[in-house]
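Report on the structure given below.
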Amino acid sequence: MDNVTHGLAGLLVADAAGHWLEHRKVPVTPRLRRGLSVLGIVAAEFPDSDLVYSGPVLDMGPLGYLLHHRGHTHTIVWAVASALLLWWVARRWVGVSGGALGGGRLNNGSLNHGSLNHGSSDGGSSDGANNRGGLVSRALMVVALVGTLSHLLLDFTNSYGVHPFWPFDGRWYYGDAVFIVEPWLWLVAIPALFWNRPSSVGKVLLPLFYLLILAAVWFLGQVARDVAVVLFVFAAAWPLVLRMLGGVQRTAAGMLTWGLVTALFFVASSRAEATVRAAASRPAGVGAPQVLDVVLNPGPGDWGCWSALVMSRDGGRYRVTSAFVAPFGAVRSLEVCSARYQQGRIGGDVLANFAGRTDPVFAPTASVAWRSSWSAPLADLPMLARERCEVHAALHFMRTPVWQRVSPAQLLLSDARFGIGGSGFNEVVVPTNGGCSIPNGWIPGWVPPRTDLLDVSLRGDSADHGIGGTTAH
């Protein structure tokens, strides 16, 4: 997901922690409120710290980013370890010292003196400070841990995927449900956060982000016009509804509505996948295909219109087919979806400019419009992975690999999820001659998404392919 969405999720978690402290009679001072908010944002963004070393630093070309963004820092092990580090820093910043996990004492200045000195004796005041310090420490721990884990959960929701259980399980997991910049999530969260912000900084920045997403919805051409109108109506009404609620109710409404939006996208994704798989079972002119995988992306803010990429094998060939899907045809028909999306992320055909593109082999249905297809002999991908270390490395990330010769000495290997052409981050130029171009490359132990197309020998140690620095699978 985009980093604004991650930050908004972290702020909602921070506000919930602040409400919990107030319920436990711990005064949330401006310093503590800032500490919770900053911790929520930093924790929610922290897994993207892999951007510091992925890319050019690794001297692997595009493979450095492909293999190491959403890499080791996007695992539960890292989330827990980094949460402990952030919790330790936050405790000191807000003035909690001493004690083990969940314990501690509030130092002078952490809370107002009237609250700290409430009690009949110095001992009672000290016990109160210790108790409140423990509650604050516990709240900071929850914000840090939920914040880092929320990043993994949000990144799972789209088609990019995560491998959260490494090193115990190196497989990729994909939600295929939420657009990578989903306007509903911004519009749901920002008003809930705005009305609860006492600081001038939050009062200024949050409305700016609100206006930014509305401008993007209207002017960038990614959102269908009818969906944009619905989003604008919601954007006008939702802040007024939340204004009438109390602070706790606003935060709860923001979190619950966020969850509802996400759940609806997952329901629609499940329906879209079933629709595509049913349509792919009706081939036109080929033997019965085996569908290996379906990649799905919704229109931004739109549960009713989806783009799809279908990976299949049939007649000795590996095939990638693009499609446009209307899983709720009775409500939002395929004709309406096609008319609403003439361009943009889901409106275009990612295979349109690819050499060797052919007409689809699947028969169209009332809910699925097949766009185009590309195929290669099943033996080609294992052969390329065996002969070229660059291909073998890239397959640890690529979910929809396609390739074409761009010169007598070069192949262009692309992950069709993110488009083809334009020298994007998802493309690797592979030399067809010479030795391995990344002999010292750091190849992580993610299980290749397309193991269903590879020989058993190609799912193991990268050292067999002339690449060093391998992490065990």
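Heads up: numbering here begins at 1 and tracks the sequence. Excluded from the calculations below are hydrogen atoms, water molecules and symmetry mates; all remaining heavy atoms, backbone and side chain alike, are included.
For Arg340, the salt bridge (Lys or Arg N to Asp or Glu O under 4.0 Å) criterion is met by Asp226, not counting sequence neighbours.
Inspection of the Trp186 and Thr5 side chains reveals an N or O donor paired with an N or O acceptor under 3.5 Å. Side-chain polar atoms of Asp50 and His69 form a donor-acceptor pair below 3.5 angstrom. Gln290 and Asp314 share no donor-acceptor pair across their side chains, judged by distance under 3.5 Å alone. Side-chain atoms of Thr400 and Asp415 include a donor-acceptor pair closer than 3.5 Å. In the model, His6 has no side-chain atom that pairs as donor or acceptor with a side-chain atom of Asp2 under 3.5 Å.
When every heavy atom of Val295 is checked against every heavy atom of Met311, the shortest pair comes out as CG2-CE, 3.6 Å. Smallest separation of non-hydrogen atoms from Pro431 and Arg388: O-NE, 2.9 Å. What you find for Val96 and Ser137 is that their closest heavy atoms are CG1-CB, 4.2 Å. Across Asp349 and Ser322, no two heavy atoms sit closer than the pair OD1-OG, 2.7 Å.
Under 4.0 Å is where a charged nitrogen must lie from a carboxylate oxygen, and between Asp452 and Arg313 no such pair does. The pair Arg399-Asp176 meets the salt-bridge criterion, since a charged nitrogen lies less than 4.0 angstrom from a carboxylate oxygen. Under the 4.0 Å criterion applied to side-chain N and carboxylate O atoms, Arg70 and Asp48 are not assigned as salt-bridge partners.
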Where do Arg371 and Val350 land on the side chain to side chain contact (heavy atoms under 4.5 Å, CB included) test, with the steps shown first?
-> CA-CA 9 Å; Arg371 288 168 165 168; Val350 296; over 6 Å; no

Audit row: Tyr174, Arg417, side chain to side chain contact (heavy atoms under 4.5 Å, CB included) steps and yes/no | CA-CA 12 Å; Tyr174 309 96; Arg417 284 178 293 174; 3.5 Å; yes

Test side chain to side chain contact (heavy atoms under 4.5 Å, CB included) applied to Met398 and Leu66, step by step = CA-CA 8 Å; Met398 290 190 174; Leu66 281 182; 4.1 Å; yes

Determine, step by step, whether Tyr65 and Tyr53 satisfy the ring-ring contact (aromatic ring centres under 6.0 Å, His included) criterion, reporting the C-alpha distance in whole Å, the side-chain angles of both residues, the deciding distance to 0.1 Å, and the verdict.
-> CA-CA 9 Å; Tyr65 182 86; Tyr53 64 86; over 10 Å; no

May I have the step-by-step check of side chain to side chain contact (heavy atoms under 4.5 Å, CB included) for Ser312 and Phe362, ending in yes or no?
-> CA-CA 11 Å; Ser312 61; Phe362 303 119; 3.9 Å; yes

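Residue-environment remark: CZ (Phe209) stays at or below the threshold of 12 foreign heavy atoms within 6.0 Å.
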Under 3.5 Å, which donor-acceptor pairs link side chains of residues 33-42 to any protein atom two or more places apart or in another chain?
from  : atom 1 : to     : atom 2 : distance (Å)
Arg33 : NH2    : Glu22  : OE2    : 3.4
Ser37 : OG     : Arg33  : O      : 3.1
Ser37 : OG     : Arg197 : NH2    : 3.4

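Distance alone, capped at 3.5 Å, places no donor-acceptor pair between the Glu390 side chain and the Val429 backbone.
For His163 and Trp446, the gap between ring centers is short of 6.0 Å. Under the 6.0 Å cut-off for aromatic ring centres, Tyr210 and Phe194 do not qualify, their centroids lying 6.0 Å or more apart. Aromatic ring centres of Phe418 and Phe425 lie closer together than 6.0 Å. Between Phe232 and Trp218, the distance separating the two ring centers is shorter than 6.0 angstrom. Not less than 6.0 angstrom separates the ring centroid of Trp184 from the ring centroid of Phe265.
Put simply, the side chain of Ser333 reaches to within 4.5 Å of the side chain of Val336, judged on heavy atoms.
Using a 30° and 60° split on the angle between ring planes, Trp403 and Tyr318 fall in the parallel class, below 30°.
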